[in-house]
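Chain identifiers are assigned alphabetically (A, B, ...) following the order of the sequence lines, protein sequences preceding nucleic acid strands; residue numbering begins at 1 within each chain. Only this structure's heavy atoms are used, side chains among them; waters, hydrogens and symmetry mates stay out.
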Amino acid sequence: MSHVVITLPDGAKKEYPIGVTPMEVAMSISEGLARNVLSAKLNDVVVDASTAITKDVSLQLLTWKDDEGKQTYWHSSAHLLAEALETLYPGIKLAIGPPIQNGFYYDIDFGDHKFSADDFEAVEKKMIELAKNNSVFERKEVSKADAISYFTEKGDPYKLELIQDLADGSITFYTQGNFTDLCRGPHIPHTGHIKSIKLLNTAGAYWRGDEKNKQLTRIYGITFPKKAELDEYLMMLEEAKKRDHRKLGKELEIYTFDDDVGPGLPLWLPNGGTIIELLETYAKKVEKEAGYFRVKTPHIARESMYIKSGHLPYYKESMFPPMEIDGVNYYLKAMNCPHHHKIFAATPKSYRDLPIRLAEYGTCYRYEQSGELFGLMRVRSLQMNDAHIYCTEEQFEREFQGVNALYLKHFEKFGIDKYVMRFSKHDPAKLGKKYIDMPELWVKTEAMVRRVLDKMGVNYIEVEDEAAFYGPKIDIQVWSAIGREFTLATNQVDFAQAERFDLYFTNENNERERPIIIHRAPLSTHERFVGFLLEHYAGNFPVWLAPKQVIVLPISDKYADYAEEVGNLLKKSDIRASVDHRAEKAGKKIRDAEVAKIPYMVIVGEKEQASGNVSVRMHGGTDLGTMELQQFAEKILNEARI
RNA sequence: GCCGAUGUAGCUCAGGGGUAGAGCGUUUCCUUGGUAAGGAAAAGGUCAGGGGUUCAAUUCCCCUCAUUGGCUCCA
């Protein structure tokens, strides 16, 4: 057979001589396409555009428009960065340099040289210079012995360590210009594609992600085929910064930190306090409808409870050190579950009582590592939208489904559509170590969880080895404005703690039976959720959540009394309104109200006073014209319904 | 916890070996102005804290604390 049949994405089948490369196929289609080809996909495997095709395949040519094309591009950019660094700083040791979602990085051991952001410009310049050589990325298969001898001679311990783990016959080198790297590929045809380069930041990163290993210097960068795209990207980063909850939280006076209070211990300012209260009102309403009971528990407990729960031996590191009272150690609670279990156990339970759903916006304290603290998203004192459901095995699926329904309801209420549902499972190899040693129960509950998810038709991904120690869980992942990933909400199955706390109910046969427990926190913690909402809404809270809903702006102090009257009437209707009595012009008052992101401005002057009406302007500039005060109040109340 | 950066007025930031500056905000006065900034004056800082070098430190060096970009961690 001297020909291969290549199927293109549009379904067209074409015959080419055996050994044809994706680049040659591109040439046969159009020269312009060939110029833009970065790599290719052969039956779902991404390869160099210069790969010889030896059998019938489906082929997709990858360009900058494809995510996989971008990944190839950035991977090659990482090699270009390494080449530039090696030229400028001879003797450095290279570790790894992969593409990431936006750009790429390379981990480098600079030895004694201190590399900093001040050096970026010189490196970028060198990269541009090298890119202009249009150096071809050449792939070469090498034997393990040859690979070892190459990097031994070069003196690169990191590459040698990587090679140790590779099988002979699977090792490839890529060379562009004077630079050769151990690499699986694929790469773009030549460096000339890389036109616009920006190094973004440096960071410390442990070799192989292990904190016991040496810390290397990681350099992050991004590249584009066109300068306009780089500019656009940098602009986008700037825009994202404006949405950062830390910036908005300060500007809108939501929360603050104080050195005397301590790191990771947020103080909620009145605006933040209002938002929290509204969130709680909403949660309590929804949970009441869903059959939850509210409970209250103390912030501390004796050591013995956390030994019983299993938290202490495993999670001591994450708890504040104990305080000794009357010769006994007490801990600040890092979670509410043990307290709730004690409430379940306080009175005897019949199967007729189940399911029992205990809810509490409980305040917890976690000793997060200092380097982990991040605005409101990662703190040391937190209030969870917590609840524990105790149910029978037969009730489990229904209850679990009910919890998921609650999640979806919340997402709709807050307009959350960008999230990933992660179904975290155990790793059977770690039973008895990371996970409680009850293999059948793991299999059974994971199957139940999957069944519920499938039945509800929600989108989710399954991940191994990320379950809680007492059972599988579902996490909702979201991203902060600056792209950091967070678990917003969590929903966990627990078949272990009932045993540890000797929780039981009496079943129909008058026997003792263990309940299954569901831990759930769909609205996350106040801290993380408000942080998330600040970014989600870019500070423009919907009317029902806005700390200030209406501001009344008298045109001059001649109308101060009328403005006061309007403000008082609104306040009496339970609307969060205030009056701006400053001796400023209307334009100034409007501007300040706009900056404060207050949803409605009510402007009152001569006309309004004479007619007893109000003029309404929405945040953003929409003029709603003049209306009766009562009509306006009803409109707000209607929009603000929780 | 680790590597790097940063810390100057309430906020955003400039400055720099000879004990500090702007804009916004605040207060007071003038102005009574109709949909994104009217004018003037004043108050406000142990230049994060501690130690060192120096005739002299906010500036240079060291330590601590905090913030921050990442890494590790995240019940």
Side-chain angles (χ1 to χ4, degrees), chain A residues 105 107 110 114-118 200-220 244 246-247 250-251 253 256-264 306 309-312 314-319 333-338 364 366-375 377-378 384 424 434 466-471 473 475 482 484-487 490 492 494 497 519 521 528 553-560 582-596 601-608 615-626:
Chain A
Y105 67 79
D107 283 350
F110 277 96
K114 279 213 170 196
F115 184 85
S116 78
D118 298 336
L200 296 167
N201 50 4
T202 62
Y206 300 107
W207 166 237
R208 302 205 133 180
D210 188 335
E211 59 182 326
K212 289 186 208 76
N213 288 340
K214 178 159 186 181
Q215 195 155 44
L216 309 170
T217 304
R218 176 170 296 179
I219 301 173
Y220 286 92
D244 192 315
R246 293 167 297 183
K247 187 171 158 66
K250 199 178 282 183
E251 287 170 356
E253 297 180 4
T256 190
F257 287 103
D258 184 280
D259 280 3
D260 282 330
V261 177
Y306 295 112
S309 70
H311 284 106
L312 252 198
Y314 301 122
Y315 298 107
K316 196 172 179 175
E317 304 264 293
S318 303
M319 295 174 76
K333 68 176 172 185
M335 66 295 294
N336 302 301
C337 21
C364 298
R366 298 182 180 185
Y367 181 65
E368 302 287 359
Q369 292 184 42
S370 59
E372 290 312 324
L373 302 174
F374 176 69
M377 300 296 220
R378 196 80 179 269
M384 270 201 270
S424 301
K434 189 170 170 184
E466 288 194 18
F469 77 90
Y470 44 64
K473 63 175 180 174
D475 286 333
I482 56 167
R484 205 183 280 205
E485 186 183 89
F486 284 95
T487 297
T490 181
Q492 304 168 352
D494 181 347
Q497 296 227 14
H519 305 238
R528 193 168 283 186
L553 312 177
I555 291 292
S556 84
D557 65 8
K558 282 187 205 151
Y559 318 107
R582 294 176 306 165
E584 296 288 353
K585 289 192 184 177
K588 171 67 168 164
K589 291 182 182 180
I590 287 167
R591 182 188 144 78
D592 288 346
E594 285 288 348
V595 169
M601 282 153 254
V602 164
I603 292 131
V604 294
E606 197 176 351
K607 301 199 288 260
E608 290 78 8
S615 287
V616 182
R617 174 192 161 114
M618 286 172 77
H619 170 60
T622 308
D623 188 354
L624 296 186
T626 304

Visitor: Please find the pair of heavy atoms, one from A/Gly621 and one from A/Glu594, that lie closest to each other, and give the distance.
Guide: N-OE2, 3.7 Å

Visitor: Looking at A/Pro263 and A/Leu373, what are the two nearest heavy atoms and their distance?
Guide: CB-CD1, 3.8 Å

Visitor: For A/Arg208 and A/Asn213, which heavy atoms make the closest approach, and how far apart are they?
Guide: CB-ND2, 4.1 Å

Visitor: Would a distance-only check, ignoring hydrogens and angles, find a side-chain to backbone donor-acceptor pair under 3.5 Å from A/Lys589 to A/Pro554?
Guide: yes

Visitor: Atom pairs, N/O to N/O, protein against nucleotides 71-75 of chain B, distance under 3.5 Å?
Guide:
unit_1: B/C71; atom_1: O4'; unit_2: A/Gly204; atom_2: O; d: 3.1
unit_1: B/C71; atom_1: O2'; unit_2: A/Tyr206; atom_2: N; d: 3.1
unit_1: B/C71; atom_1: N4; unit_2: A/Glu372; atom_2: OE2; d: 3.3
unit_1: B/U72; atom_1: O2'; unit_2: A/Glu211; atom_2: OE2; d: 3.1
unit_1: B/U72; atom_1: N3; unit_2: A/Glu372; atom_2: OE2; d: 2.2
unit_1: B/U72; atom_1: O4; unit_2: A/Glu372; atom_2: OE1; d: 2.7
unit_1: B/U72; atom_1: O4; unit_2: A/Glu372; atom_2: OE2; d: 2.2
unit_1: B/C73; atom_1: O2; unit_2: A/Arg378; atom_2: NH2; d: 2.9
unit_1: B/C73; atom_1: N3; unit_2: A/Glu372; atom_2: OE1; d: 3.2
unit_1: B/C74; atom_1: O2; unit_2: A/Arg378; atom_2: NH1; d: 3.2
unit_1: B/C74; atom_1: O2; unit_2: A/Arg378; atom_2: NH2; d: 3.3
unit_1: B/A75; atom_1: O3'; unit_2: A/Gln492; atom_2: NE2; d: 2.8
unit_1: B/A75; atom_1: O2'; unit_2: A/Tyr470; atom_2: OH; d: 3.3
unit_1: B/A75; atom_1: N6; unit_2: A/Ser318; atom_2: O; d: 3.4
unit_1: B/A75; atom_1: N6; unit_2: A/Ser318; atom_2: OG; d: 2.8

Visitor: Can you run through RNA chain B from 5' to 3' and write each base as (, ), [, ], | or . depending on how it pairs? Watson-Crick or G-U wobble, both distances under 3.5 Å.
Guide: (((((((..((((....[..)))).(((((.......))))).....(((((..]....))))))))))))....

Visitor: Compare all side-chain heavy atoms of A/Met377 with those of A/Arg246 and state whether any distance is below 4.5 angstrom.
Guide: no

Visitor: Is there a side-chain contact between A/Asp592 and A/Arg582 (heavy atoms, below 4.5 Å)?
Guide: yes

Visitor: Is A/Lys333 close to A/Met319 at the side-chain level, that is, under 4.5 Å between some pair of heavy atoms?
Guide: no

Visitor: Determine whether A/Ser424 and A/Gln492 make a side-chain contact, defined as any pair of heavy atoms from C-beta on separated by less than 4.5 Å.
Guide: no

Visitor: Looking at side-chain heavy atoms only, is the closest gap between A/Lys316 and A/Tyr367 below 4.5 Å?
Guide: no

Visitor: Between B/U68 and B/C11, how far is it from one P atom to the other, in whole Å?
Guide: 15 Å

Visitor: Ring-plane angle category for A/Phe486 and A/Phe374, please: parallel below 30°, perpendicular beyond 60°, tilted otherwise.
Guide: parallel

Visitor: Between the protein and nucleotides 39-45 of chain B, which nitrogen or oxygen pairs are less than 3.5 angstrom apart?
Guide:
none

Visitor: Can you tell me, in whole Å, how much space there is between the C1' of B/U58 and that of B/G7?
Guide: 12 Å

Visitor: In whole angstrom, what separates A/Arg246's CZ from B/U6's P?
Guide: 17 Å

Visitor: Check whether any side-chain N or O of A/Arg218 sits under 3.5 Å from a backbone N or O of A/Ala203 as a donor-acceptor pair, and report yes or no.
Guide: no

Visitor: Between B/A75 and B/A22, how many Å separate the two C1' atoms, rounded to a whole number?
Guide: 50 Å

Visitor: May I ask you to decide if the ring planes of A/Phe115 and A/Phe110 are parallel, tilted or perpendicular, using 30° and 60° as cut-offs?
Guide: parallel

Visitor: Roughly how many Å is it from CG in A/Asp244 to C1' in B/U67, rounded to a whole number?
Guide: 13 Å

Visitor: Can you name the nearest heavy-atom pair linking A/Pro338 to A/Tyr306, along with the distance?
Guide: CG-CE2, 3.9 Å

Visitor: Less than 4.5 Å apart, any side-chain heavy atom of A/Asn336 and any of A/His519?
Guide: no

Visitor: With a 4.0 Å cut-off on heavy atoms, is A/Gly375 in touch with a base, just the backbone sugar-phosphate, or nothing at all?
Guide: sugar-phosphate

Visitor: Side chain to side chain contact (heavy atoms under 4.5 Å, CB included) with A/Ser370: which residues, sequence neighbours excluded?
Guide: A/Arg380

Visitor: Between B/G4 atom C1' and A/Tyr105 atom OH, what is the distance in whole Å?
Guide: 17 Å

Visitor: Expressed as a whole number of angstroms, how long is the span from A/Ile219:CD1 to B/G70:P?
Guide: 15 Å

Visitor: Rounded to whole angstrom, note down the C1' distance from B/U19 over to B/U26.
Guide: 26 Å

Visitor: Determine the Euclidean distance between corresponding P atoms of B/G16 and B/U59; express it in Å to zero decimal places.
Guide: 14 Å

Visitor: Is the shortest heavy-atom distance from the side chain of A/Met335 to the side chain of A/Ser309 under 4.5 Å?
Guide: no

Visitor: Side chain of A/Pro263, heavy atoms from C-beta onward: which of B/G69, B/G38, B/U67 has the nearest atom to it?
Guide: B/U67

Visitor: Please enumerate all protein N or O atoms sitting under 3.5 Å from an N or O of nucleotides 7-15 of chain B, with distances to 0.1 Å.
Guide:
unit_1: B/U12; atom_1: OP1; unit_2: A/Lys250; atom_2: NZ; d: 3.2

Visitor: Would you kindly give the CG-to-P distance between A/Asp260 and B/U67, to the nearest whole Å?
Guide: 13 Å

Visitor: How far does the P atom of B/C24 sit from the matching atom of B/G18, given to the nearest Å?
Guide: 29 Å

Visitor: What pairs of nitrogen or oxygen atoms, one from the protein and one from nucleotides 32-35 of chain B, lie under 3.5 Å apart?
Guide:
unit_1: B/U32; atom_1: O2'; unit_2: A/Lys558; atom_2: NZ; d: 3.4
unit_1: B/U32; atom_1: O2; unit_2: A/Ser556; atom_2: OG; d: 3.1
unit_1: B/U32; atom_1: O2; unit_2: A/Asp557; atom_2: N; d: 2.9
unit_1: B/U32; atom_1: O2; unit_2: A/Asp557; atom_2: OD1; d: 3.1
unit_1: B/U32; atom_1: N3; unit_2: A/Asp557; atom_2: OD1; d: 2.9
unit_1: B/U32; atom_1: N3; unit_2: A/Asp557; atom_2: OD2; d: 3.1
unit_1: B/U32; atom_1: O4; unit_2: A/Asp557; atom_2: OD2; d: 3.0
unit_1: B/G33; atom_1: N7; unit_2: A/Ile555; atom_2: O; d: 2.4
unit_1: B/G33; atom_1: O6; unit_2: A/Asp557; atom_2: N; d: 3.4
unit_1: B/G34; atom_1: O6; unit_2: A/Glu606; atom_2: N; d: 2.8
unit_1: B/G34; atom_1: O6; unit_2: A/Lys607; atom_2: N; d: 3.2
unit_1: B/G34; atom_1: O6; unit_2: A/Glu608; atom_2: OE1; d: 3.3
unit_1: B/G34; atom_1: N1; unit_2: A/Glu608; atom_2: OE1; d: 2.8
unit_1: B/G34; atom_1: N1; unit_2: A/Glu608; atom_2: OE2; d: 3.2
unit_1: B/G34; atom_1: N2; unit_2: A/Glu608; atom_2: OE2; d: 2.7
unit_1: B/U35; atom_1: O3'; unit_2: A/Arg617; atom_2: NH1; d: 3.2
unit_1: B/U35; atom_1: O2'; unit_2: A/Arg617; atom_2: NH1; d: 3.3

Visitor: With rounding to the closest Å, how many angstrom separate the P atoms on B/C2 and B/C63?
Guide: 13 Å

Visitor: So do the side chains of A/Glu606 and A/Tyr559 get within less than 4.5 Å of each other, counting heavy atoms only?
Guide: yes

Visitor: For B/G25 and B/C13, measure between their C1' atoms and round to the nearest Å.
Guide: 14 Å

